[in-house]
Amino acid sequence: MKPIQDKEKQVVYLKERLNIFMEVLDSIDPEEAEVEDIDRLIEMIDDIELKCEQFRGRE
């Protein structure tokens, strides 16, 4: 996949990823959440953070 260089496209990409994260978060029942569910949420946040760092490096 070709790296996203355009700042506007980077913001759109990050917003989409955050929206996906919010959908997953909203779908989890706190009373029934498993450790794996929490681990997946943390992994998603880590991926978003990594992408932010990559985008910052392309400035």
Side-chain angles (χ1 to χ4, degrees):
M1 179 178 226
K2 185 177 178 184
I4 302 172
Q5 299 293 335
D6 180 81
K7 294 288 181 198
E8 200 169 310
K9 289 180 182 176
Q10 290 174 350
V11 171
V12 168
Y13 176 86
L14 291 172
K15 283 182 179 180
E16 289 172 355
R17 293 296 297 267
L18 286 170
N19 284 331
I20 293 168
F21 173 81
M22 292 304 296
E23 288 174 12
V24 171
L25 185 60
D26 286 342
S27 72
I28 294 175
D29 180 351
E31 299 296 324
E32 297 181 16
E34 301 284 335
V35 172
E36 293 82 17
D37 298 324
I38 305 304
D39 286 345
R40 178 68 187 133
L41 290 171
I42 292 169
E43 184 180 318
M44 291 175 77
I45 290 295
D46 288 345
D47 289 344
I48 292 169
E49 181 181 17
L50 176 62
K51 192 53 77 173
C52 286
E53 290 171 6
Q54 289 174 346
F55 288 160
R56 256 189 247 122
R58 295 181 189 153
E59 293 180 31

Worksheet item: Side-chain contact, heavy-atom cut-off 4.5 Å: E43 with D39?
Response: no
Worksheet entry | Nearest atoms (heavy-atom pairs only) where K7 meets F55 | NZ-O, 3.8 Å
Worksheet item: What residues form a side-chain contact (heavy atoms from CB on, under 4.5 Å) with E16, not counting sequence neighbours?
Response: V12
Worksheet entry | Spacing of CD belonging to E53 relative to CG belonging to L50, to within rounding of 0.5 Å | 6.0 Å
Worksheet item: K9: what forms a side chain to side chain donor-acceptor pair (under 3.5 Å) with it, not counting sequence neighbours?
Response: none
Response to the item:
Residue set satisfying side-chain contact (heavy atoms from CB on, under 4.5 Å) with E36, at least two apart, ordered chain then number -> E34
Discussion item. So, taking the atom named CD1 in I42 and the one named CD1 in I38, what distance separates them when rounded to the nearest 0.5 Å?
Written reply: 7.0 Å
Fill in: Which residues share a side-chain contact (heavy atoms from CB on, under 4.5 Å) with D29, sequence neighbours left out
E31, E32
Discussion item. Are I45 and I20 linked, directly or through intermediate hydrophobic residues, by side-chain heavy-atom contacts shorter than 4.5 Å (ILVMFWY only)?
Written reply: yes
Discussion item. Applying side-chain contact (heavy atoms from CB on, under 4.5 Å), can you list everything that pairs with L25, at least two apart in sequence or on another chain?
Written reply: F21, M22, L41
Worksheet entry | Atom pair CE/CZ of M44 and R17 - distance to nearest 0.5 Å | 6.5 Å
Practice prompt. Rounded to the nearest 0.5 Å, what's the gap from CZ on R56 to CD on Q54? Could you check?
Written response: 11.0 Å
